Amino acid sequence: MSQQRPTEPTVHRTPSRSRRLRAVAAAGALAVLPLAAACGGGGDGGAAAKPSASGAPAAGVVAPAKVEVIAGLAGCTAKIRTEADELREGVCRTPKGDFLITTFPEERLKETWLESASVYGGRYLVGMRWVVSAKPAMLEPLRAKLGGTIRELSGIGPRPDSS
């Protein structure tokens with residue numbers, strides 16, 4: 001007769017909030033990689049995050065932190081691709097190009113996401129608890145509709161010679 005160890009109840013551990021946040025932030029940053037790479041980060045090789053022209057659209061409204069509402073204001077219907085406690089992401093396809101809308105339940109989660117995305121560099125349209133990732137040429141027209149601020153994230157690695 002073989003000796004068997006008594007079975008112990010399985011304990012399922014729930015990852016800590018900070019561990020989940022880091023995982024989601026990393027996943028979000030990786031999700032932006034293709035857009036950031038396609039958009040290029042070309043810049044001055046300077047600051048980590050440099051806001052540009054800020055302000056609300058002509059109507060005086062700034063988009064709220066809901067993917068579907070932001071998509072509607074931008075003139076598209078978002079296809080949700082990430083649904084998590086820390087963020088929601090939706091992709092909008094338009095004739096002028098695709099863009100990604102990411103919303104956050106708290107402002108600090110947005111800032112953590114932007115910090116992670118800064119590794120890749122690029123330009124982003126940033127509002128209260130939301131970020132839009134798009135080709136640089138699309139950001140200003142979207143800002144006119146959504147409000148927010150265009151932020152330039154520096155990225156890592158060597159910069160192309162601007163001389």
Side-chain angles (χ1 to χ4, degrees), residues 12-41 43 48-156:
H12 294 285
R13 276 190 141 172
T14 304
S16 71
R17 183 171 172 86
S18 62
R19 180 173 267 170
R20 286 188 319 213
L21 176 60
R22 283 192 302 266
V24 169
L30 289 174
V32 173
L33 178 59
L35 284 172
C39 296
K50 175 176 73 171
S52 73
S54 175
V61 176
V62 176
K66 185 162 177 150
V67 172
E68 295 82 359
V69 173
I70 294 171
L73 290 170
C76 72
T77 302
K79 179 180 178 188
I80 302 298
R81 75 176 202 182
T82 304
E83 187 94 43
D85 291 340
E86 292 84 5
L87 62 83
R88 289 183 77 225
E89 287 182 332
V91 177
C92 273
R93 298 194 182 280
T94 70
K96 293 183 180 182
D98 299 347
F99 59 95
L100 181 69
I101 301 166
T102 308
T103 62
F104 308 87
E106 298 176 32
E107 185 69 9
R108 70 179 178 80
L109 296 173
K110 177 193 81 178
E111 292 303 324
T112 300
W113 185 93
L114 284 167
E115 186 177 312
S116 296
S118 70
V119 171
Y120 305 106
R123 299 178 83 194
Y124 301 86
L125 179 58
V126 180
M128 185 63 92
R129 297 184 5 230
W130 57 265
V131 175
V132 171
S133 308
K135 293 178 182 176
M138 293 179 64
L139 293 177
E140 196 57 46
L142 285 169
R143 190 187 71 77
K145 294 177 181 179
L146 305 174
T149 302
I150 296 175
R151 278 204 209 173
E152 177 101 25
L153 304 181
S154 66
I156 59 172

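Hydrogens, waters and symmetry mates play no part in the numbers below; they use all other heavy atoms, side chains included. Residue numbers start at 1 and run along the sequence shown. The model shown is predicted, which means the values in this text are computed figures rather than measured ones.
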Only one of L100, T82, I80 passes side chain to side chain contact (heavy atoms under 4.5 Å, CB included) with V91, and that residue is L100
Would you say V131 and F104 make side-chain contact, with heavy atoms under 4.5 Å? yes
I'd like to check L125 versus W130 (side-chain heavy atoms, cut-off strictly below 4.5 Å). Are they in contact?
yes
Separation between CZ (R81) and CD1 (I101), nearest 0.5 Å, reads 11.5 Å
Smallest heavy-atom separation, R93 atom then C76 atom, equals O-CB, 4.4 Å
**OP:** Measure the shortest side-chain to side-chain distance between T112 and E86 over non-hydrogen atoms and say whether it is less than 4.5 angstrom.
**Re:** no
Has the side chain of S118 got a donor or acceptor atom that lies under 3.5 Å from a matching backbone atom of G121?
-> no
Practice task
Check whether any side-chain heavy atom of L146 sits under 4.5 Å from a side-chain heavy atom of I70, and report yes or no.
Solution key: yes
Taken to the nearest 0.5 Å, the spacing of D98 CG from M138 CE works out to 7.5 Å
- Item | Residues L87, L109; criterion side-chain contact (heavy atoms from CB on, under 4.5 Å); working and verdict | CA-CA 8 Å; L87 62 83; L109 296 173; over 6 Å; no
Would you say E140 and R123 make side-chain contact, with heavy atoms under 4.5 Å? no
In short, L139 meets A134 closest at the heavy-atom pair CD2-CB, 4.0 Å
### Task
Count the heavy atoms of every other residue, nucleotide or ligand shown that sit under 6.0 Å from CD of E68, and state whether that count exceeds 12.
yes
Between R129 and E107, does any side-chain N to carboxylate O distance fall below 4.0 Å?
no
Under 3.5 Å, side chain of K110 to main-chain N/O of G127, donor-acceptor pair present?
yes
